[in-house]
Amino acid sequence: MQFAVLKGTLLASSISLALFGISANAQAASTTVLITAAAQTSERVCDSAECSGELRRLMRLARNGSGDAAAIVAMAFASGDGLEQSDKEAERFVRIGVRYNSPIATFLMSDWHRNGFVLEQNEQEADRLLDVAVNLGHPPAQYQKALMLFSTDSAEDFNEALTLLEAASEQNLVTAMMLLGRMKQIGAGVDEDLVGAGELYRKLIIAGVDDARGYLREVTRELEARDDSSDEVINRFANTTDMEVITVRGSAFRVNTQLTGIVRRLTASGNYDSRSIGSRIRGVTCEQSGSNCTVNRPDPTAASLDDVIGNN
């Protein structure tokens, strides 16, 4: 089951459109924005009492200082999936997440301001929050900022964009890996690097991203046509292209157990227990306390409830 999404428009560079064979008049690249699930689809990720119960446990963790838990709850309230749809509660919890420096919540709030979803449209605030999320090392924020910088004609902006794109790719953000792979493959703004592009595509295919398969075939054929190419590399790419990846997802049991795992890890970290002191001061993380404790968080690349349960 897919969490309901709406494709919100994001200004993208002509380079990112051209790399994937999209004309300048085609729809610009987009970023995922959560919308009311009931209005868009009858399918829900969180459709059981157990799942809703885990979301309510996340609400308690959010009130005790977990910004990431607040971000997940905000997504659920915004969509009406697992919790009764409420823009007011979605806004309240996303603000809690931002207050506690959650990269997920910060990027989410930026996206909502940019698209006028849940929050009033405010491009200036969206840009400010995007920069905060970038500084927090959030891969989707790094990718979005890179696209915005690519759209200018400044060489300085291009270099900064490339650095951000590489950083997001290193954190395994699919969109960043695909774009960087194409840039390396055709030498757009960077030196041509067929092996580097192929390794990115290979990693994506192994992770179940079938869209990368055709690009890896192109790279393999180009390498085969060159006299100096490594047979070992060509064979590795060819074997990956022929690999069958089976993905099973969407069961209610999986949703419940994944959310339960997030709740348990956040609880076990000891950061968000309001009855405790020291490293468990409400809203103070392990990193801030300097004490001997562990940090457990949802995957930072998550942009929806479906992403959250899929990455844990």
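Just so you know, residue 1 is the first one in the sequence shown, and it goes up from there.
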Q. Do Leu136 and Leu164 share a hydrophobic cluster (ILVMFWY, side-chain heavy atoms under 4.5 Å, transitive)?
A. no

If only atom types and distance count, is the side chain of Ser151 paired as donor or acceptor with the main-chain N or O of Met148 below 3.5 Å?
-> yes

Worksheet item: Do Lys184 and Glu192 meet the salt-bridge criterion of a basic N to acidic O distance under 4.0 Å?
Response: no

task: Check whether Val233 and Leu200 end up in the same hydrophobic cluster, where Ile, Leu, Val, Met, Phe, Trp and Tyr are linked by side-chain heavy atoms less than 4.5 Å apart.
output: yes

Would you call Lys88-Glu91 a salt bridge at under 4.0 Å N-O?
no

task: Report yes if some heavy atom in the side chain of Asp127 is under 4.5 Å from a heavy atom in the side chain of His113; otherwise report no.
output: no

(request) Evaluate whether atom CD of Glu123 has more than 12 neighbouring non-hydrogen atoms of other residues, nucleotides or ligands under 6.0 angstrom away. (result) yes

Rounded to the nearest 0.5 angstrom, the CG-CD distance for Leu179 and Glu166 is 11.0 Å

The reported gap from CE in Met177 to OH in Tyr143 (rounded to nearest 0.5 angstrom) is 12.5 Å

Does Leu162 share a hydrophobic cluster with Met178, counting links as ILVMFWY side-chain heavy atoms below 4.5 Å and allowing steps through other members? yes

Would you check if Lys145 and Leu149 make a side-chain contact, meaning some heavy-atom pair closer than 4.5 Å? yes

Tell me whether Ser102 contacts the main-chain N or O of Val98 through its side chain, where contact means a donor paired with an acceptor under 3.5 Å. no

>> Show, in sequence, the C-alpha distance, side-chain angles and deciding distance for Gln144 and Arg114, and conclude whether the side-chain contact (heavy atoms from CB on, under 4.5 Å) test is met.
In response: CA-CA 12 Å; Gln144 181 172 333; Arg114 193 173 306 281; 3.0 Å; yes

So with a 6.0 Å cut-off around CG of Asp242, is the heavy-atom count from everything else above 12?
yes

The salt bridge (Lys or Arg N to Asp or Glu O under 4.0 Å) partners of Arg221 (sequence neighbours excluded) come to none

Rounded to the nearest 0.5 Å, the CG atom of Asp193 sits from the CE atom of Met183 at a distance of 12.0 Å

- Determine, step by step, whether Leu119 and Arg95 satisfy the side-chain contact (heavy atoms from CB on, under 4.5 Å) criterion, reporting the C-alpha distance in whole Å, the side-chain angles of both residues, the deciding distance to 0.1 Å, and the verdict. CA-CA 11 Å; Leu119 304 172; Arg95 290 188 184 282; 4.1 Å; yes

d(Asn64 CG, Tyr100 OH) to nearest 0.5 Å is 8.0 Å

Closer than 3.5 angstrom, by distance alone: can the side chain of Thr240 be matched with the main-chain N or O of Arg236 as a donor-acceptor pair? yes

Does any part of the side chain of Val73, heavy atoms only, come nearer than 4.5 Å to the side chain of Leu61, both counted from C-beta? no

task = Please confirm whether the backbone N or O of Gln124 pairs with a side-chain atom of Asn122, one donor and one acceptor, at under 3.5 Å?
result = yes

The reported gap from CZ in Phe117 to CG in Asp87 (rounded to nearest 0.5 angstrom) is 6.5 Å

Next item on the list: Spell out, as yes or no, whether a donor-acceptor pair under 3.5 Å connects the side chain of Asp111 to the backbone of Phe107.
Entry: no

Between Asn172 and Glu170: side-chain donor-acceptor atoms closer than 3.5 Å: no

**OP:** Answer yes or no: is there a donor N or O on one side and an acceptor on the other, between the side chain of Ser229 and the main chain of Ala225, under 3.5 Å?
**Re:** no

Going hydrophobic residue to hydrophobic residue with side-chain gaps under 4.5 angstrom, can you get from Val132 over to Leu130?
-> no

Neighbour count above 12 (heavy atom, 6.0 Å) for Asp228 CG
yes

Minimum side-chain heavy-atom gap Gln142-Leu173 below 4.5 Å = no

Q. Any side-chain heavy atom of Phe93 within less than 4.5 Å of one from Arg63?
A. yes

One should read off an interatomic distance between Asp81 CG and Leu55 CG, to the nearest 0.5 angstrom, of 8.0 Å

Next item on the list: Please examine the side chains of Ser169 and Gln171, heavy atoms only from C-beta on, and report whether any two atoms are closer than 4.5 Å.
Entry: no

Query raised in the report: Would Val134 and His138 satisfy side-chain contact (heavy atoms from CB on, under 4.5 Å), going step by step from the backbone distance to the final call?
Result: CA-CA 6 Å; Val134 167; His138 190 51; over 6 Å; no

- prompt: If you measure from the Lys or Arg side-chain nitrogens to the Asp or Glu carboxylate oxygens, is any gap between Arg182 and Glu218 under 4.0 Å?
  reply: yes

Would you say the side chain of Val209 lies within less than 4.5 Å of the side chain of Lys203, judging by non-hydrogen atoms? no

Sorted by chain and residue number, the salt bridge (Lys or Arg N to Asp or Glu O under 4.0 Å) partners of Asp210 (sequence neighbours excluded) come out as Arg213

For Phe237, the ring pair (Phe, Tyr, Trp, His ring centres under 6.0 Å) test, sequence neighbours excluded, returns none

Heavy atoms, side chains only, cut-off 4.5 Å: are Glu222 and Gln185 in contact?
yes

